[in-house]
Colleague: 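Have a look at the structure that comes next, please.
Here is the naming used below: chain letters follow the sequence lines, and residue numbers restart at 1 for every chain.
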Amino acid sequence: MRYNFKQIEQKWQKEWDEKKIFQAQDFSDKPKFYGLVEFPYPSGAGMHVGHIKAYSSIEVVARKRRMQGYNVLFPIGFDAFGLPTENYAVKTNTHPRIITDTNIEKFSNQLRKVGFSFDWSRVVDTTDEKYYKWTQWIFLKMFEKGLVFRDNALVNYCPHCKVVLSNEDSQGGKCDICHSDVIQKPKTVWYLKITEYADKLLQGLSDVDYPDNVKQQQENWIGKSTGAFVDFSLDGIDEKLQIYTTRPDTLFGVTFMVIAPEHPLIDKYADRIGNMDAIENYRNECAKKTEFERTQLVKDKTGVKIEGIEAINPLNGKKIPVFIADYVMMGYGTGAIMAVPAHDQRDYDFAKAFGVDIIEVIKGGDITKEAYTGDGEMVNSDFLNGFTNKKDSIAKVIEELTKRGIGTAGVQFKMKDWAFNRQRYWGEPIPLIHCPSCGVVPVPYEELPLILPNVEQFEPGEDGQSPLAKIESYVNCKCPKCGADAKRETDTMPQWAGSSWYFLRYIDPNNDNALADMEKLKYWMPVDWYNGGMEHVTRHMIYSRFWHHFLYDQGIVNTKEPYAKRTIQGLILGPDGDKMSKSKGNVVDPLDIVEELGADTLRVYVLFMGDYGAATPWNDSSVRGCKRFLERVASLEEIVTEEKGETKELTVALHKAIKKVSSDIEETKFNTAIATLMSLINTITKVGKLTGEELEIFIKLLAPFAPHLAEEIWHNRGHEDFIALAQWPAYDESKTVEDNIEVGVQVNGKLKNTVSIPFNGEKDEVLSIAKSDEKVAAALAGKNLVKEIYVPNKIINFVVK
RNA sequence: GCCCGCGUGGCGGAACUGGCAGACGCGCAGGACUUAAAAUCCUGUUGUAGCAAUACAGUACCGGUUCGAUUCCGGUCGCGGGCACCA
């Protein structure tokens, strides 16, 4: 058969589509498999080869599962709200709706050309009002349960995008979208109380199958620490200063305290403070610094001593000074710390700069040089003296603090609440109303969806307000509670909102009465296998796990955790080894490859190119190598023979291949699975013939990777059904081994030769075969044989002296 | 600074649980076919020495455990990722 990939691919894509063979059936006696890929953001640039690699993994698994008799749900959709589209809308003065529709169509066409077996009847679009009705609905549920709150805060603000950014979107002090410098700006911010779910999100990790580094990253991001809250009295003031510490056992080493510049204590006791001017100056300077600058000046400790306020160490009654310094953050713990300069490097640096005492309480270091943070015997610490184990001394001091009513054990999380509003147009409207008498009132559920109004101008206002604020007919409304004139919230949700629950909507995409029907959820959930990029492991995955845990608590979904298993694909780098980017001009367009070499070649290559989880550079020659492989497959029909008498070599290779390809797919070792098929075709070429039955097994193994070609050959052989639904081949373990195998023979661990021995041969027999080998015999001659090692079917080693 | 991962031919990468290092592909070299080129096919391809059989060396580097180490342990160097004044 001549390999006319273009004709083959068009033909089978059309056939699969018309026969609807990839549509998932709700409810079935078959076992279910729900395979999920991260749905794309439909950018104007179209698909990237990275998309192909990301989807190909679950694609292969889904196709294999269908052949294994599973009822498979493998859906696709579009995460279409967001800034790039909005910015493009502003630039070209085109409505984001039009841009989004155009891009979605472009993406859909491209995805279809690659032949992915998505269920196209379940496509979701986060910007569809029928979809975001339920995004808003979940938000209102959270509001109802007290998980939405408003706060005035200094926020990360991007002057270029004119938008408030979360800490995650402004890492390194740069805007995640436009990379401008982020500044601090006071704003009213809507938060989702994700911190309330911190522990559940942490504990849930033990129930799921994620790679270790993914779990670790999520653990770090949640950042649980255990320690204690301790109350320090203030001299002459009837007020306690509470601190959080992970080392309460070093309390006797406390020589000063530090509070964050924003700490409320300052304003409350401003009249007592002798140096308020100096403190105000310092606070103003800090306010000017961005979070980024603050964290960059790690070395130089700055601060001001508060005159007129002194704290008292609750364990020994000593008076100690209190400072404000920006190395203490208001957002973590209580915004105040007890400083133990002998055993914390930051406190040490500060103490050195400000001439404060340093008291050693743990032996083992040299505190004249630096802080000692290791373990050791406790000294200068009253009832803690003599303790050598951190765990014991902490337990002891917490017991004592609790007894005296001055402290308790406590935990803290690094994770912050989720800033949930954006002053932008292209997002889900936040369904809240500000009423002068009732306060914040939710839009009634029955009025959802709250539809994003059509506007002509998409630019945010100069004051950073959402474009929606300019539309009076939208802003002005009646309070649903009291009927008075009221104003709508004009901010929209962040892009992470729509993607936090999309996998639920695939299960029941047209339901108008619920986000998804419970019976269908019970059938399909959880997602059995979710593949995506490392970049979404902390934000998207934690946000969506948070929403899912919440929905579970409300009885709206039936599983605690949404994703049973997660895998990560590595980046595809440009041919030059750098990350692909337009500016570097090293971008490979997947559609070019589909045109020139075919979708099957592209699919095989992205999975063959390297370790699935590793970043691998693109290589044009290697792509052609995959095409060559498929051409050889296409020509196999020419050597099909119906003469009986199987070739042992081919039988063994075939059964080994079934075993290897089957297990490799499960372990995302697609590169070696394909290598196995390449080896198999080398064996077939060497043997020079194969039976029709053997050919069919071969193309079944190939089908998940190169489905179009496999389908074509299958039909050429007279089949009326689809190979996509044919039965996955089984192997016979006894046929995966040769009668005789080659093993290495070592003398003192050095390989001397290989010998052919019977499979599972007896030790004596095998050793005598080895000894009679000429080279081995030569190496053993005249030596004293000390030990004979035979690992069955693996290695023979003679130890001689 | 802390946490994690990695380091194998000219290149991408294989190697099950400690058992023949370099599967498979690319590239390169030689050959066949061709008037010629491309495509295709065949052969070779870790390094050094040798016409060769073969010998020795070899998985970043140094050392250890072991009959045997790419794999396990200790140290050094290099690269990548994540977190970061988190008390």
Side-chain angles (χ1 to χ4, degrees), chain A residues 171 211-221 223-225 227 243-248 250 257-258 260 294-301 325-329 331-340 343-347 349-350 373 412-416 534-535 537-538 571 573 577 604-605 608-611 613-626 628-629 631-632 635 660 663 669 671-682 685 742-755 775 786-800:
Chain A
Q171 285 173 358
D212 284 343
N213 58 337
V214 169
K215 284 193 185 185
Q216 251 159 24
Q217 257 192 49
Q218 294 201 4
E219 277 166 20
N220 289 343
W221 201 76
K224 183 175 183 171
S225 89
I243 59 94
Y244 173 74
T245 177
T246 53
R247 292 302 301 266
T250 60
M257 300 188 75
V258 185
R294 245 175 102 162
T295 56
Q296 278 310 288
L297 303 167
V298 175
K299 288 279 153 60
D300 310 322
K301 292 285 178 290
D326 65 358
Y327 82 93
V328 173
M329 305 289 152
Y332 186 78
T334 63
I337 62 158
M338 62 177 217
V340 186
H343 305 292
D344 180 290
Q345 193 57 42
R346 293 154 304 169
D347 296 347
D349 295 341
F350 190 88
T373 54
Q412 278 294 301
F413 296 95
K414 285 186 195 173
M415 186 167 69
K416 302 215 168 66
M534 205 62 198
E535 69 275 19
V537 156
T538 45
L571 285 180
L573 305 173
V604 168
Y605 176 64
F608 177 69
M609 64 191 300
D611 179 337
T616 312
W618 183 270
N619 183 313
D620 283 318
S621 305
S622 282
V623 187
R624 281 193 289 277
C626 291
R628 226 169 275 152
F629 164 61
E631 277 165 354
R632 291 177 72 195
S635 65
K660 177 82 174 146
S663 61
K669 288 158 79 174
N671 54 340
T672 49
I674 293 165
T676 302
L677 293 174
M678 289 173 169
S679 285
L680 183 54
I681 208 167
N682 289 344
T685 308
E742 294 271 307
V743 295
V745 183
Q746 300 176 333
V747 174
N748 283 349
K750 287 202 134 196
L751 187 74
K752 289 299 167 191
N753 205 358
T754 61
V755 294
K775 283 182 204 160
V786 182
K787 202 171 174 185
E788 297 171 328
I789 291 156
Y790 171 52
V791 181
N793 308 318
K794 292 259 167 81
I795 198 87
I796 296 158
N797 190 10
F798 296 110
V799 185
V800 296

Colleague: Could you check A/Lys787 against A/Arg346 and say which one's nearest nucleotide on RNA chain B is further toward the 5' end?
Modeller: A/Lys787
Colleague: Which value, in whole Å, describes the distance between the C1' atoms of nucleotides B/rA60 and B/rA52?
Modeller: 35 Å
Colleague: Quantified in whole Å, what is the C1' atom distance between nucleotide B/rU71 and nucleotide B/rA21?
Modeller: 11 Å
Colleague: Assign a letter to each nucleotide of nucleotides 38-56 of chain B from its 5' end: B, base within under 4.0 Å of a protein heavy atom; S, sugar-phosphate only; -, no contact.
Modeller: --S-------------S--
Colleague: Applying the Watson-Crick and G-U wobble criteria at under 3.5 Å, what pairs with B/rA53? Answer none if nothing qualifies.
Modeller: none
Colleague: Taking A/Thr245 for its side chain and A/Ile243 for its backbone only, find out whether a donor-acceptor pair lies under 3.5 Å.
Modeller: no
Colleague: Check every strand shown and say whether A/Asn682 touches a base, only sugar-phosphate, or nothing at a heavy-atom separation below 4.0 Å.
Modeller: sugar-phosphate
Colleague: Since syn is defined as within 90° of 0, does B/rG50 count as syn or as anti?
Modeller: anti
Colleague: State the pairing partner of B/rC20; accept Watson-Crick or G-U wobble contacts with both distances under 3.5 Å, and report none otherwise.
Modeller: none
Colleague: State, yes or no, whether a side-chain contact exists between A/Lys414 and A/Trp221 at a heavy-atom distance under 4.5 Å.
Modeller: no
Colleague: Measure from the side-chain heavy atoms of A/Gln746 and tell me the nearest of B/rC24, B/rC26, B/rG19.
Modeller: B/rG19
Colleague: The test is side chain to side chain donor-acceptor pair (under 3.5 Å); show your working for A/Gln345 and A/Asp349 and say whether it passes.
Modeller: CA-CA 6 Å; A/Gln345 193 57 42; A/Asp349 295 341; 3.0 Å; yes
Colleague: Hunt down the Watson-Crick or G-U wobble partner of B/rC41, both distances under 3.5 Å, from any strand shown, or write none.
Modeller: B/rG31
Colleague: Expressed in whole Å, how much space separates the C1' atoms belonging to B/rC56 and B/rG18?
Modeller: 25 Å
Colleague: Strictly by Watson-Crick or wobble contacts shorter than 3.5 Å, is anything paired with B/rG1, and which nucleotide is it?
Modeller: B/rC83
Colleague: Can you tell me the base-pairing partner of B/rG78? Count Watson-Crick or G-U wobble geometry only, both distances below 3.5 Å, and say none if there is no partner.
Modeller: B/rC6
Colleague: Which of parallel (below 30°), tilted (30 to 60°) and perpendicular (above 60°) describes A/Phe350 and A/Tyr327?
Modeller: tilted
Colleague: When the distance from CG of A/Asp611 to C1' of B/rA15 is rounded to whole Å, what number comes out?
Modeller: 13 Å
Colleague: Counting only distance, no hydrogens or angles, is the base of B/rC83 paired donor-acceptor with the side chain of A/Asn220 under 3.5 Å?
Modeller: no
Colleague: If we take the C1' atom in both B/rG31 and B/rU48, what is their distance in whole Å?
Modeller: 27 Å
Colleague: If I compare all heavy atoms of A/Gly331 with all of A/Lys416, which pair ends up nearest, and what's the gap?
Modeller: O-CE, 4.1 Å
Colleague: Considering only B/rC67, B/rC24, B/rA14, which nucleotide approaches the side chain of A/Val799 most closely?
Modeller: B/rC67
Colleague: Between B/rA87, B/rG19, B/rC4, which nucleotide has the shortest distance from any of its atoms to the side chain of A/Asn213?
Modeller: B/rC4
Colleague: Sticking with atom C1', work out how far B/rG12 lies from B/rG1, rounded to a whole angstrom.
Modeller: 35 Å
Colleague: Taking atom P in both B/rC16 and B/rC11, compute the distance separating them and give it to the nearest angstrom.
Modeller: 22 Å
Colleague: Could you identify the nucleotide paired to B/rU70, looking across every strand shown and requiring Watson-Crick or G-U wobble geometry with both distances under 3.5 Å?
Modeller: none
Colleague: Kindly indicate whether the side chain of A/Lys414 and the base of B/rC83 share any N or O donor-acceptor pair separated by less than 3.5 Å?
Modeller: no
Colleague: May I ask you to say what A/Ala615 touches in the nucleic acid, namely base, sugar-phosphate or nothing, with a heavy-atom cut-off under 4.0 Å?
Modeller: sugar-phosphate
Colleague: In the structure shown, which nucleotide is the Watson-Crick or G-U wobble counterpart of B/rG25, with both distances under 3.5 Å?
Modeller: B/rC11
Colleague: What does B/rG58 pair with, Watson-Crick or G-U, if both distances are under 3.5 Å?
Modeller: none
Colleague: Roughly how far apart, to the nearest Å, are B/rG78 and B/rC42 at atom P?
Modeller: 47 Å
Colleague: Starting from the 5' end of RNA chain B, give me the residue, A/Ala675 or A/Ser225, whose nearest nucleotide shows up first.
Modeller: A/Ala675
Colleague: Looking only at the side chains, is there a donor atom on one of A/Thr754 and A/Glu742 sitting less than 3.5 Å from an acceptor on the other?
Modeller: yes
Colleague: Taking side chain to side chain donor-acceptor pair (under 3.5 Å) as the definition, give me every residue that meets it alongside A/Asn619, ordered by chain and number, with sequence neighbours left out.
Modeller: none
Colleague: Can you tell me, in whole Å, how much space there is between the P of B/rG47 and that of B/rU40?
Modeller: 25 Å
